[in-house]
Protein chains: 2
Amino acid sequence: MPRAGLTPAAVTEEAARLCDEQGFDRLSLAAVAKRFGVAVPSLYKHVGGLEALRREVAMAAAADFAQALGRAAIGRAEADALRAAARAYRDYARAHPGRYAALQQAAPRPGEDDEGAAVFYRSVEVLVPVVRGFGLADEALIDVIRTVRSALHGFVDLELSGGFGLPQGVDASFDVLVEALVRTLRDWPVSAAAQEGADGAHGG
Amino acid sequence: MPRAGLTPAAVTEEAARLCDEQGFDRLSLAAVAKRFGVAVPSLYKHVGGLEALRREVAMAAAADFAQALGRAAIGRAEADALRAAARAYRDYARAHPGRYAALQQAAPRPGEDDEGAAVFYRSVEVLVPVVRGFGLADEALIDVIRTVRSALHGFVDLELSGGFGLPQGVDASFDVLVEALVRTLRDWPVSAAAQEGADGAHGG
DNA sequence: CAGGCGGAGCTAATAGGATTAGCTTTCTGG
DNA sequence: CCAGAAAGCTAATCCTATTAGCTCCGCCTG
């Protein structure tokens, strides 16, 4: 029997494709092995197991995602940059729902998985210059980025999970949300009551 | 051997508790059976199986959640109502992370699960009067509710999944997000460009 | 109080997925 | 050509879900 030519990268890529088609929760070694026409234990020569494969998919997705966002925002500023990033965000999630879902669970549990954490944060840091472009105070940066991420992730997650009911008007709703974000960042209250608890914490 | 006194409601409740403690994805019949000190197949006398149990947990969670939100908003108006609802939303998710996660997957797949859909929507409709209180045009209602839901769900989901990194300053960030929502609804552009695509679709 | 019936919980058995151990075969470098 | 590393396989174990069919508890009736 000829070798199947598996590699860690090929296995991860195929797993990611499977996630996009069937959902991240349906990822299984059995399904991946079937796609390659190999026996399940063969995969262990290339990946550490199901959990490891999930992490691999998540890391690859984080890299892809960060790149897509970065490319979208390049050469744009302020509202245009935010609009482009938001569109890229949603487009990525819709084109790669399984990868996007994987990305979420790539969030670092404190104390472990430092390597994954680094990759994950890179996919978040892309938003920093975009938000900075609105000229906000540094103390507000983390809160604002968290707000932007919340809005985008929430919309995309609800959309993907069918939480919006019938899909009619979802594109328009997204435009509305993005424009609301633009106004929010433009009119940010530099020293409003909302800052009372801001302590410039880590993360974001 | 004395009977364990299982009932559908008791099994669902224990399953929900297990979800909150270990995560919705860790829910298994084996774990639930162990908690009751019964054999796994015994559970089938009370629930239809793992999938059915997940649905039961989701439905119960949806009802609880809707009630919590409704109670919070009662007797309040406009910004106060929104703040109270937002706080209740986050509080519920933090107190019952597994149930909240279950709720998300309760989103109705089109064409099936009509009963679940009804319960699910009830947990969304609670926001309608809250948003209405801001005096927005009816055409904008769906988009605005979707925006509010996106922001709240996104924040809560990122917080629960550890997506915010170290948990420092998360409370403050949530206040910032909620106040941004309040300003957004107050200053809503009644006939802005953002409405160009709004078509008054279903769902939300 | 005895009989009996419904149903709660059990054991046994099947199926599918993850994982480990250890074997075989296939490339590749010398 | 050949020797070894690595790729892929089979066998075996464990865990979970699910179905089938049994048993015996406990109430309800006569």
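Numbered from 1 within each chain, the chains take letters A, B, ... in sequence-line order.
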Discussion item. Suppose we screen for ring pair (Phe, Tyr, Trp, His ring centres under 6.0 Å). Which residues come up paired with B:Phe155, at least two apart in sequence or across chains?
Written reply: B:Phe164, B:Phe174
Worksheet item: To the nearest angstrom, how far is B:Phe36 atom CZ from C:dA8 atom P?
Response: 14 Å
Could you go through nucleotides 16-18 of chain C and list every protein N or O atom that sits under 3.5 Å from one of its N or O atoms, giving the distance for each pair?
unit_1: C:dA18; atom_1: OP1; unit_2: A:Leu29; atom_2: N; d: 3.0
unit_1: C:dA18; atom_1: OP2; unit_2: A:Leu29; atom_2: N; d: 3.2
unit_1: C:dA18; atom_1: OP2; unit_2: A:Ala30; atom_2: N; d: 2.9

Item to complete: If a pair satisfies salt bridge (Lys or Arg N to Asp or Glu O under 4.0 Å) and one of its residues is in residues 88-106 of chain B, list it, with sequence neighbours excluded.
Response: B:Glu13-B:Arg99, B:Asp20-B:Arg99, B:Arg90-B:Glu159, B:Arg90-B:Asp171, B:Arg94-B:Glu159, B:Arg94-B:Asp171
Fill in: A:Tyr92: ring pair (Phe, Tyr, Trp, His ring centres under 6.0 Å) partners, not counting sequence neighbours
A:Phe65, A:His96
Fill in: B:Thr147: side chain to side chain donor-acceptor pair (under 3.5 Å) partners, not counting sequence neighbours
none
Fill in: Qualifying residues under side chain to side chain contact (heavy atoms under 4.5 Å, CB included), relative to B:Asp25, sequence neighbours excluded
none
Fill in: Residues in side chain to side chain donor-acceptor pair (under 3.5 Å) contact with B:Ser150, at least two apart in sequence or another chain
none
Practice prompt. Sorted by first residue and then second, give each side chain to side chain donor-acceptor pair (under 3.5 Å) pair with at least one member in residues 63-73 of chain A; sequence neighbours left out.
Written response: none
Practice prompt. Can you sort out the partners of A:Arg54 under side chain to side chain donor-acceptor pair (under 3.5 Å), two or more places apart, ordered by chain and number?
Written response: A:Glu51
Response to the item:
DNA chain D nearest-nucleotide lookup for B:Pro41 and A:Gly5: closer to the 5′ end is A:Gly5
Discussion item. Among residues at least two apart in sequence or on other chains, which ones pass side chain to side chain contact (heavy atoms under 4.5 Å, CB included) with B:Ala66?
Written reply: B:Ser123, B:Val126
Worksheet item: Contacts to DNA chain C from residues 6-23 of chain B, heavy-atom cutoff under 4.0 Å, which residues?
Response: B:Leu6
Worksheet item: Taking only side-chain nitrogens and oxygens of A:His46, does any of them come within less than 4.0 Å of OP1 or OP2 of D:dG8?
Response: yes
Show me the protein contacts with nucleotides 5-7 of chain C, counting only N or O atoms at under 3.5 Å.
unit_1: C:dG7; atom_1: N2; unit_2: B:Arg3; atom_2: NH2; d: 2.6

Item to complete: Could you tell me whether the side chain of A:Leu27 reaches within less than 4.5 Å of the side chain of A:Val32, counting heavy atoms only?
Response: yes
